[in-house]
Amino acid sequence: MLRLYTRSPALLCFCGMAILMIALWSLGFQLSGDVDDLVKLHEVRTLLQTGDIFDRTLPGVAQPEPYISHWPWIVDLPYAAFARLLAPLAGFEPALTVASFAVPLLLLAPALYFYNRLVIAMGFANPAVALPLALIFAARTFFEYAPERIDYHNLQVLLLLAALVLLLSQNRFAAFVNGLLAALALAISVEFAPFYVLVMAIYAFDWIFDREGSANRIAGFGLALAMGGVGLFAAIVAPSAYAAVKCDTYSAPHVTALAAGGLSFAVVPWLVGRRGGWATRTAILMVFAAASGAALVMLFPQCLAGPYASLDAYVRDNMLDRIPQELSMFRRPDVVLSASFPSMVLLFVGALAPVVVCLGPHGRSRPLVILALFSLLALVLAIGYFRYFRYLPVFSGIGLIFVLASLLPPDARLARYLKSPVPVASRGYALILPGLVLSVAIALYQLSARPAPDAIPAAEFADSCDLRHFEAQSGWPAGAIVLTPPLIGAHFLALAEGPKVVTVPNHPSAWGIERSYRFLDPSTADPRAFLDASRATHVALCARRGPPSPYLETAYPFAAALMEGHPPSWLKACTTDVSSPLRLYSYRNADGSDATCPASAASAQARP
């Protein structure tokens with residue numbers, strides 16, 4: 001077994017992590033995940049049912065404006081293909097359930113392969129020992145591959161790890177493949193755009209300083225980036241929408257940016273040849289970059305404000321800007337005094353350790369410099385935009401190996417296994433100190449300038465019940481549309497057979513979000529106006545079954561009355577089980593007739 005592990009550490013680590021995640025999942029632990037997984041489940045189901053890869057309208061969301069997903073169909077492809085193969089044997093819904101369980105685990109295998117290659121490149125004396133230690137520190141990132149974690153983040157991590165490994169290679173073909181992967185990653189989402197800008201910067205740096213083979217690498221990468229961007233545009237975007245400008249999903253601005261950047265990289269070695277020094281080459285690249293940027297600004301000025309520019313200010317203030325992952329660490333009042341802050345300190349230490357090692361006078365290696373650059377970038381992004389914190393451990397995990405090696409006695413067996421050809425600081429605290437200083441600085445800032453918590457919208461209270469064992473009423477009448485707060489709406493949407501919902505917690509559902517929030521807003525004079533605007537036939541929100549809350553009843557009288565089971569005369573209470581986290585009410589149908597409640601109180605429609 002030891003010999004087998006030494007030969008294939010990534011394979012054995014995959015088996016160990018997969019077993020661990022399955023065991024924890026079976027015990028009810030949510031290792032990673034959010035409501036996007038529920039929306040994605042409905043999206044994959046819709047793709048399988050319609051077979052139309054270009055129509056991204058989700059029929060389960062009726063605001064009543066159509067909900068058009070901002071995720072391209074290629075992120076659904078692994079799950080849809082797996083379910084399609086299994087459906088003849090197991091049936092449609094069981095196949096979709098198995099795909100949601102198995103595909104994230106299958107994606108873990110190549111991710112660990114590339115992570116192992118990255119660990120090997122650091123030059124540790126025994127990478128088979130370093131890999132499991134790095135995985136322990138990086139577990140938070142790799143939990144993105146837990147069962148039912150079907151959002152696109154795990155695919156993005158896999159593509160980034162592959163890009164890093166290919167970046168270490170001096171081969172032209174590796175650079176070409178890297179260009180294709182960069183185009184694929186950016187077509188999926190621009191969330192990782194800063195990382196791929198750094199990938200491009202490294203290829204550019206090598207060419208500027210005339211490293212061996214750098215001209216072939218930058219040309220190959222650029223050509224593949226442009227070709228991949230155009231090819232994916234044809235695969236993702238319907239021909240009728242080629243001229244459409246959508247800032248939040250892959251469309252004309254994105255393919256234009258990829259084509260411009262890729263062609264710039266492809267032609268500069270041919271234009272310059274062997275002439276000119278580093279200053280000339282830098283100037284030429286800067287001219288191309290400036291021209292590309294100016295063209296994008298002139299052609300697509302509406303995208304300068306970002307993908308959320310079109311959102312109403314009410315939705316921004318009451319919903320989007322209250323999502324913790326959408327804030328910076330400086331705007332979150334719940335970080336320093338939280339139980340997770342010690343682990344954040346550990347991640348800060350690990351992220352800065354490779355940077356400290358590279359600042360030393362001797363032994364600097366190309367793989368370590370690349371790791372340090374990406375680790376530093378991930379740290380800056382995580383502090384500035386909390387959603388990137390889930391990706392920081394993948395870099396901190398390797399940095400903490402250097403920290404651990406510097407703290408161990410030199411004659412310890414583990415220290416010999418973790419020995420690296422790159423000299424680390426002789427004193428262990430030298431690698432720890434920068435991360436600790438950064439942690440203390442953030443803590444002092446938050447404690448001295450801690451932002452005051454904003455007033456909580458009524459819809460957030462009505463959306464805050466325990467939905468882990470969500471079940472829905474069966475026997476919904478035909479044409480039922482339920483107005484719910486966004487989180488509850490996502491749980492309804494994931495059901496194999498359930499009502500339509502007005503909103504889910506994604507920005508393409510901004511109309512529905514506004515109506516659901518204004519419906520419960522105590523400043524709203526007539527909530528029925530937003531029920532009518534959404535054409536909802538029913539209302540669902542979290543139930544308060546304990547003693548009444550004087551605070552809720554004073555601050556949010558209408559929402560509190562619905563949560564406690566005291567509806568106005570124009571809503572009719574539907575029977576629910578006493579253990580249900582929800583209260584349901586019927587309103588009226590589109591023709592003005594009274595809407596009927598779901599037929600039964602019991603349900604066998606638990607989310608797959």
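Atoms considered below: every heavy atom in the structure, side chains included; atoms not considered: hydrogens, waters and symmetry mates. None of the values given here were measured: they were computed from a predicted structure.
Residues Glu326 and Tyr385 have side chains that bring a donor and an acceptor to within less than 3.5 angstrom of each other. Of the N and O atoms on the side chains of Glu191 and Tyr152, at least one donor lies less than 3.5 Å from an acceptor on the other residue.
Sorted by first then second residue, the side chain to side chain donor-acceptor pair (under 3.5 Å) pairs that include residues 70-90, not counting sequence neighbours, are Arg56-Asp76. Sorted by first and then second residue, the side chain to side chain donor-acceptor pair (under 3.5 Å) pairs with a member in residues 192-203 read Asn178-Tyr203; sequence neighbours excluded.
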### Message
Using the rule given for side chain to side chain contact (heavy atoms under 4.5 Å, CB included), can you reason through Leu131 versus Leu135, listing the C-alpha separation, both sets of side-chain angles and the distance that settles it, and then say yes or no?
### Response
CA-CA 6 Å; Leu131 176 62; Leu135 286 177; 4.2 Å; yes
- Query: After noting the C-alpha distance and the side-chain angles of Val237 and Phe54, does the key distance pass the side chain to side chain contact (heavy atoms under 4.5 Å, CB included) rule?
  - Reply: CA-CA 6 Å; Val237 181; Phe54 293 131; 5.8 Å; no
Open item on the list: Run Phe374 and Val199 through side chain to side chain contact (heavy atoms under 4.5 Å, CB included) and show every step you take.
Closed with: CA-CA 9 Å; Phe374 278 89; Val199 169; 3.6 Å; yes
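Partners of Pro59 by side chain to side chain contact (heavy atoms under 4.5 Å, CB included), not counting sequence neighbours, listed by chain and number: His42, Thr46. With sequence neighbours excluded, the residues forming a salt bridge (Lys or Arg N to Asp or Glu O under 4.0 Å) with Asp206 are Arg211, Arg217, Arg366, listed by chain and number. Partners of Thr484 under the side chain to side chain contact (heavy atoms under 4.5 Å, CB included) rule, at least two apart in sequence or in another chain, are Val482, Ile488, Phe492, Ala540. Checked against side chain to side chain donor-acceptor pair (under 3.5 Å), Asp151 has the following partners two or more places apart in sequence or in another chain: His153. Residues meeting the salt bridge (Lys or Arg N to Asp or Glu O under 4.0 Å) test with Arg316, sequence neighbours left out: none. Asp55 meets the salt bridge (Lys or Arg N to Asp or Glu O under 4.0 Å) test with no other residue; sequence neighbours excluded.
Using a cut-off of 4.0 Å between Lys/Arg side-chain N and Asp/Glu carboxylate O, Glu144 and Arg140 are scored as salt-bridged. Classification of Lys40 and Asp34 as a salt-bridged pair fails, no side-chain N sitting under 4.0 Å from a carboxylate O.
Across all non-hydrogen atoms, the minimal contact from Ala138 to Pro393 is CB-O, 3.2 Å. Residue Asp37 comes nearest to Ile150 through the heavy atom pair OD1-N, 3.1 Å, listed as atom of the first residue, atom of the second, then distance. In terms of heavy atoms, Phe137 sits closest to Gly397 at CB-CA, 3.6 Å. Listed here is the closest heavy atom pair of Ala510 and Gln63: N-OE1, 3.8 Å. In plain terms, the two heavy atoms of Pro253 and Leu296 that are nearest each other are O-CD2, 3.8 Å. Contact between Ala95 and Ala90 at its shortest, heavy atoms only, is N-CB, 4.4 Å.
For the atom pair Leu493 CG and Arg45 CZ, the distance stands at 8.0 Å (nearest 0.5 Å). To the nearest 0.5 Å, the span separating OG on Ser100 from CG on Leu41 amounts to 5.0 Å. To the nearest 0.5 Å, the span separating CG on Leu181 from CG on Leu159 amounts to 6.0 Å. Taking NE2 of His254 as the start and OG of Ser189 as the end, the distance is 8.5 Å to the nearest 0.5 Å. Rounded to the nearest 0.5 angstrom, Phe395 CZ and Ser375 OG are separated by 7.0 Å. Put simply, CG on Asn318 and OG on Ser516 are 10.0 Å apart, with the number rounded to the nearest 0.5 Å.
No side-chain heavy atom of Pro581 sits under 4.5 Å from any side-chain heavy atom of Asp466. Leu392 is listed as a side-chain neighbour of Leu379, based on a closest heavy-atom distance under 4.5 Å. For the pair Val502 and Ile513, the minimum side-chain heavy-atom distance is 4.5 Å or more. Between Ile383 and Ser328, every side-chain heavy-atom pair lies at or beyond the 4.5 Å cut-off. The shortest distance between side-chain heavy atoms of Lys246 and Thr249 falls below 4.5 Å. Contact of the Met319 side chain with the Pro505 side chain is registered, since non-hydrogen atoms from C-beta on lie closer than 4.5 Å.
The main-chain N or O of Val504 is found under 3.5 Å from a side-chain atom of Ser509 such that the two form a donor-acceptor pair. Judged purely by atom type and a 3.5 angstrom limit, Asp248 has no side-chain atom pairing as donor or acceptor with the backbone of Tyr308. Of the possible polar contacts, one joining the Tyr5 side chain to the Ala128 backbone as a donor-acceptor pair under 3.5 Å is found.
Between Phe402 and Phe124, the ring planes lie tilted relative to each other; the angle falls in the 30° to 60° range. Note: Phe233 and Tyr242 have tilted aromatic rings, judged against thresholds of 30 and 60 degrees for the angle between ring planes.
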What pairs of donor and acceptor atoms, side-chain ones from residues 220-229 against any protein atom, are under 3.5 angstrom apart with sequence neighbours left out?
none

Contacts under 3.5 angstrom, residues 18-29 side chains, donor-acceptor by atom type, not counting sequence neighbours:
unit_1, atom_1, unit_2, atom_2, d
Ser26, OG, Ile22, O, 3.3
Ser26, OG, Ala23, O, 2.6

Side-chain polar contacts of residues 103-119 - donor-acceptor pairs under 3.5 angstrom, sequence neighbours left out - could you list them?
unit_1, atom_1, unit_2, atom_2, d
Tyr113, OH, Arg117, NH1, 2.8
Tyr115, OH, Val394, O, 2.9

Side-chain donor/acceptor pairs under 3.5 Å, residues 340-353, sequence neighbours excluded:
unit_1, atom_1, unit_2, atom_2, d
Ser340, OG, Ser338, OG, 3.1
Ser343, OG, Ser340, O, 2.6

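In the displayed structure, Phe173 atom CZ is contacted under 6.0 Å by at most 12 heavy atoms of other residues, nucleotides or ligands.
Annotation: Phe192 is in aromatic contact with Tyr391 [ring centroid separation under 6.0 Å].
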